[in-house]
There are 2 protein chains.
Amino acid sequence: MEMLLGQFLRDQREHLQKKDKKYSLRQVAARMGINAAYLSRIERGEPLHLSEEKAIALARDLSIDADVMLALNGKISKDVQEIIKKRPQLFAELIRNLKEMPDNAILRIVRVERDGNW
Amino acid sequence: MEMLLGQFLRDQREHLQKKDKKYSLRQVAARMGINAAYLSRIERGEPLHLSEEKAIALARDLSIDADVMLALNGKISKDVQEIIKKRPQLFAELIRNLKEMPDNAILRIVRVERDGNW
DNA sequence: GACAATGTTTACTGTTTAGTATACACTAAA
DNA sequence: TTTAGTGTATACTAAACAGTAAACATTGTC
């Protein structure tokens with residue numbers, strides 16, 4: 001469930017690499033500011049973790065959604081964490097209640113909130 | 001914003017201790033399975049962190065809401081984290097959208113979801 | 001006054017996190 | 001054919017995390 005990160009990154013990187021050789025493991029690693037060996041181990045599925053900063057840099061480079069990247073990397077964005085920690089009871093209850101809800105029901109809430117129709 | 005944990009715990013523990021001497025620092029620490037020295041340092045405001053397990057044990061012992069306890073301890077419950085990580089885009093967007101919403105508006109969503117009126 | 005229990009301080013510990021540096025084997029290009 | 005670039009394996013590391021053990025001064029109880 002989490003080990004998918006490696007293969008996912010490799011697939012995405014190699015896909016980009018076919019069209020542009022700047023997506024070699026070494027060059028991607030260099031752009032995101034880490035050692036190539038470390039990225040290699042992650043792509044090979046070793047249970048390692050990138051810092052939020054590096055994970056986001058990698059997501060940008062490979063055109064992956066940052067929240068998805070973080071989740072595959074076993075984390076949740078700090079800004080989202082901070083929102084929850086300010087009202088922990090409220091948000092914990094909300095999230096637990098939404099656990100089994102289908103996406104479209106949750107999306108409806110997102111939309112209603114964004115449009116402010118309350 | 002986070003340093004409040006120590007004073008909060010001390011207040012709550014001393015409050016209970018007035019009515020029942022089993023709420024001494026040493027005895028509470030013993031019941032939750034940690035060293036008294038560590039709990040002392042936390043209550044004094046040193047920037048230390050309890051594991052989720054110990055934090056929840058302490059919350060139980062002192063009749064504090066577990067999610068509040070975890071938040072003061074700088075964390076979010078693993079079960080809540082897992083829910084978010086399964087649908088990271090969806091939940092991240094939802095939470096960011098609810099950031100500025102007042103409690104009662106969020107409570108309304110919680111209640112609607114729980115009652116299943118969709 | 002003795003003894004137990006309280007909270008505190010200091011120094012130390014093993015584990016995890018988030019990496020680096022170096023050397024290696026392989027392939028592609030000049 | 002040497003040279004540049006690719007991914008990989010191994011060994012190492014500094015800092016943070018989550019504590020423990022022991023000694024200490026203070027307060028409460030018999």
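Numbers restart at 1 for each chain; the letters A, B, ... are given by sequence-line order, proteins then strands.
Rounded to whole Å, the distance from CG on A:Leu5 to C1' on C:dA18 is 14 Å. As a whole-Å value, the separation of B:Tyr38 OH from C:dG7 C1' is 17 Å. Look at CD on A:Glu52: it is 15 Å from C1' on C:dT17, rounded to the nearest Å. C:dG7 atom C1' lies 10 Å from atom CG of B:Leu39, rounded to whole Å. Going from atom CD of A:Glu53 over to atom P of C:dT17 covers 18 Å, rounded to whole Å. Between the C1' atom of C:dT16 and the NZ atom of B:Lys75 lies a distance of 12 Å, rounded to the nearest Å. Distance CD1 (A:Ile42) to C1' (C:dT17): 12 Å, rounded to an integer number of Å. Across the protein-nucleic acid pair, A:Asn35 atom CG and C:dT22 atom P stand 10 Å apart, rounded to whole Å.
Residue B:Ser40 places no side-chain N or O under 4.0 Å from the OP1 or OP2 atom of C:dG7. At C:dT9, one or more side-chain N or O atoms of B:Arg44 fall inside 4.0 Å of OP1 or OP2 (strictly under the cut-off). Using a 4.0 Å cut-off, some side-chain N or O of A:Ser51 falls inside it from OP1 or OP2 of C:dG19.
Within the nucleic acid shown, A:Glu46 has no heavy atom closer than 4.0 Å to any nucleic acid atom. Across all strands shown, A:Leu50 has heavy atoms under 4.0 Å from sugar-phosphate atoms exclusively, and none from any base. Across all strands shown, A:Glu43 has no heavy atoms under 4.0 Å from either base or sugar-phosphate atoms.
Atom-to-atom distance recorded for A:Lys78:NZ and A:Glu53:CD is 12.0 Å, nearest 0.5 angstrom. We find the CD-CG distance between A:Gln89 and B:Leu107 to be 10.0 Å, quoted to the nearest 0.5 Å.
Chain A approaches DNA chain D within less than 4.0 angstrom (heavy atoms of the protein), and the contacting nucleotides run 5' to 3' from D:dT6 to D:dA11.
Within the 4.5 Å cutoff, the side chain of B:Met69 has no heavy atoms near those of the B:Leu62 side chain. By the 4.5 Å heavy-atom criterion applied to side chains, A:Ser77 and A:Asp67 are counted as neighbours. Taking the side chain as every heavy atom from C-beta outward, B:Ile64 and B:Leu9 approach each other to under 4.5 Å. For the pair B:Gln12 and B:Tyr23, the minimum side-chain heavy-atom distance is 4.5 Å or more.
Closest approach of A:Met101 to B:Arg87, counting heavy atoms only: O-NH1, 2.7 Å. Contact between A:Val28 and A:Arg13 at its shortest, heavy atoms only, is CG2-CD, 3.9 Å. Scanning both residues, B:Ala36 and B:Arg26, for their nearest heavy atoms gives CB-CG, 4.0 Å.
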Going 5' to 3' through nucleotides 25-30 of chain C and flagging B where a protein heavy-atom sits under 4.0 Å of the base, S where only the sugar-phosphate is that close, and - otherwise, we get ------
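In this structure a side-chain-to-backbone donor-acceptor pair under 3.5 Å is present from B:Lys85 to A:Gly74. Between the B:Lys54 side chain and the B:Gly33 main chain, a donor and an acceptor come within less than 3.5 Å of each other. Looking at A:Gln81, its side chain does come within 3.5 Å of a backbone N or O of A:Ile76 through a donor-acceptor pair.
Within residues 8-23 of chain A, the residues approached by DNA chain D to less than 4.0 Å at the level of any non-hydrogen atom are A:Arg10, A:Arg13, A:Gln17, in residue-number order.
Closest to the A:His49 side chain, of the nucleotides C:dA21, C:dA18, C:dT8, is C:dA18.
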